[in-house]
There are 2 protein chains.
Amino acid sequence: MSKTPFTTVINLLRAQALIQERFSGELGSVHGLALNEALLLMHLEKAPLRRLTRVDLAKRLHASPSTVTRMAAPMEKIGLVARQADPRDARLAYVVLTEAGLTLVGDVRKTLERRSSELFRDRWSDAEVASLAKLLGRLTAGELGDLA
Amino acid sequence: MSKTPFTTVINLLRAQALIQERFSGELGSVHGLALNEALLLMHLEKAPLRRLTRVDLAKRLHASPSTVTRMAAPMEKIGLVARQADPRDARLAYVVLTEAGLTLVGDVRKTLERRSSELFRDRWSDAEVASLAKLLGRLTAGELGDLA
DNA sequence: CATAGATGCTTGCGAATGCAAGTATCTATG
DNA sequence: CATAGATACTTGCATTCGCAAGCATCTATG
């Protein structure tokens with residue numbers, strides 16, 4: 001039995017920790033957001049009508065609905081998102097991206113794209129990065145919400 | 001400017017969430033450990049004398065020293081690790097793997113290796129998995145503690 | 001139309017974690 | 001040897017998160 005799959009998993013966990021550390025700092029100091037909050041805004045940006053229910057957001061963020069409720073509250077307070085009811089189903093409380101949120105998420109995306117490029121700037125060819133993206137994409141093929 | 005690096009980072013974050021979800025369940029129910037606790041034991045297993053200081057463990061786990069202190073306490077209580085003083089430096093409090101811990105970490109490793117294999121069982125050739133492992137390994141080249 | 005089950009959201013509670021401060025010890029400098 | 005700074009660990013406090021329970025609403029069935 002080969003141990004290559006295990007090595008792959010371990011390396012992936014390490015790479016994720018590296019990225020989290022590198023990105024969280026600038027994201028927090030420049031935009032005042034945590035990485036998860038940035039991902040939430042980007043999911044809304046990609047969604048039809050720029051809105052999603054809390055349950056849908058939870059699935060895309062791999063979080064619980066209660067976490068999404070609590071994440072959205074302060075972002076609503078500062079005007080990045082708003083709460084929107086559904087006229088047909090009174091249970092639903094959409095989280096909808098505001099104009100301010102749309103502007104911010106554009107800046108956030110630029111920051112993340114720049115940091116991502118820096119991550120591969122040295123010792124990586126374009127083909128290698130593309131190969132890595134493709135392999136990782138296949139790993140998560142059945143998942144919701146692409147963001148990219 | 002290409003967006004491939006950004007796509008790569010997003011896919012990596014998604015893949016990490018997938019792995020965390022798939023592994024945590026069995027790790028907890030079968031061995032009674034969280035993923036981070038399993039990683040802690042595996043770092044000890046790889047270390048000389050099967051022991052590390054809390055600060056060294058924190059670096060390898062990408063956690064704070066206080067987190068390591070609190071993680072080690074219950075594992076010491078159930079006999080997986082022990083506390084060991086350094087005769088030359090009274091500040092150091094090594095976390096050392098016990099025999100019971102060594103036995104458990106062997107089982108845990110087998111579980112993780114099997115789950116990792118299942119992750120790539122369908123639609124992946126050996127060469128593709130090896131390629132992914134290599135690319136991820138390059139991303140974390142400068143880091144401590146290999147585990148694999 | 002009435003009821004049972006399913007779904008979406010929120011809240012209480014406990015667990016995990018980081019930061020900052022405090023203590024103990026070591027090391028370098030004079 | 002005395003002192004200042006560095007290092008290792010721990011603890012108090014605040015934050016974040018998931019689970020379970022509760023409430024409101026919707027849907028299916030009779």
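What you see below is based on every heavy atom in this structure, not just the backbone, and it leaves out hydrogens, waters and symmetry mates. In what follows, chains carry the letters A, B, and so on, assigned in the order in which the sequence lines appear, proteins first and then strands, with residues in each chain numbered from 1. These figures come from a predicted structure and were not determined experimentally.
One can place CG of B:Leu35 at 11 Å from P of C:dT17, the figure rounded to the nearest angstrom. Atom P of nucleotide D:dC17 and atom NE2 of A:His62 are separated by 14 Å, given to the nearest angstrom. Counting to the nearest Å, the C1' atom of D:dA8 and the CG atom of B:Asp86 are 11 Å from each other. A straight line from CG of B:Leu40 to C1' of C:dT17 spans 15 Å, rounded to a whole angstrom. To the nearest angstrom, P of C:dA16 lies 9 Å from CE of B:Met71. Rounded to an integer number of Å, the gap from A:Leu57 CG to C:dT10 C1' is 16 Å.
Between B:Thr8 and the options A:Leu132, A:Ile19, A:Leu135, a side chain to side chain contact (heavy atoms under 4.5 Å, CB included) holds for only A:Leu132. Each of B:Leu18, B:Leu112, B:Thr111 was evaluated against B:Phe23; a single residue qualifies, B:Leu112, per the side chain to side chain contact (heavy atoms under 4.5 Å, CB included) test.
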Just by protein heavy atoms under 4.0 Å, how would nucleotides 4-9 of chain C read 5' to 3' in B, S and -?
---BSS

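A salt bridge links A:Asp89 with A:Arg91: at least one charged nitrogen is closer than 4.0 Å to a carboxylate oxygen. With respect to A:Arg138 and B:Glu128, a salt bridge is recorded, a charged nitrogen being found less than 4.0 Å from a carboxylate O. Ion pairing of B:Glu45 with B:Arg50 is absent here, as no side-chain N (NZ or NE/NH1/NH2) approaches a carboxylate O to less than 4.0 Å.
A donor-acceptor pair is defined here as one N or O able to donate and one able to accept, closer than 3.5 Å; such a pair exists between the side chain of A:Arg115 and the backbone of A:Arg22. Between the side chain of B:Asn11 and the backbone N or O of A:Leu136 there is no donor-acceptor pair closer than 3.5 Å.
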Show me the side-chain donor-acceptor pairs of residues 35-44 of chain B shorter than 3.5 Å, one per line, residues at least two apart or across chains.
{"residue": "B:Glu37", "atom": "OE1", "partner": "B:Ala34", "partner atom": "N", "Å": "2.8"}

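C:dG30 and D:dC1 make up a base pair, with Watson-Crick or G-U wobble contacts both under 3.5 Å. Remark: C:dT17 base-pairs with D:dA14; criterion is Watson-Crick or G-U wobble with both hydrogen-bond distances under 3.5 Å.
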I'd like a table of atom pairs between the protein and nucleotides 19-21 of chain C - only N or O on both sides, under 3.5 Å - with the distance next to each one.
{"residue": "C:dC19", "atom": "N4", "partner": "B:Ser66", "partner atom": "OG", "Å": "3.1"}

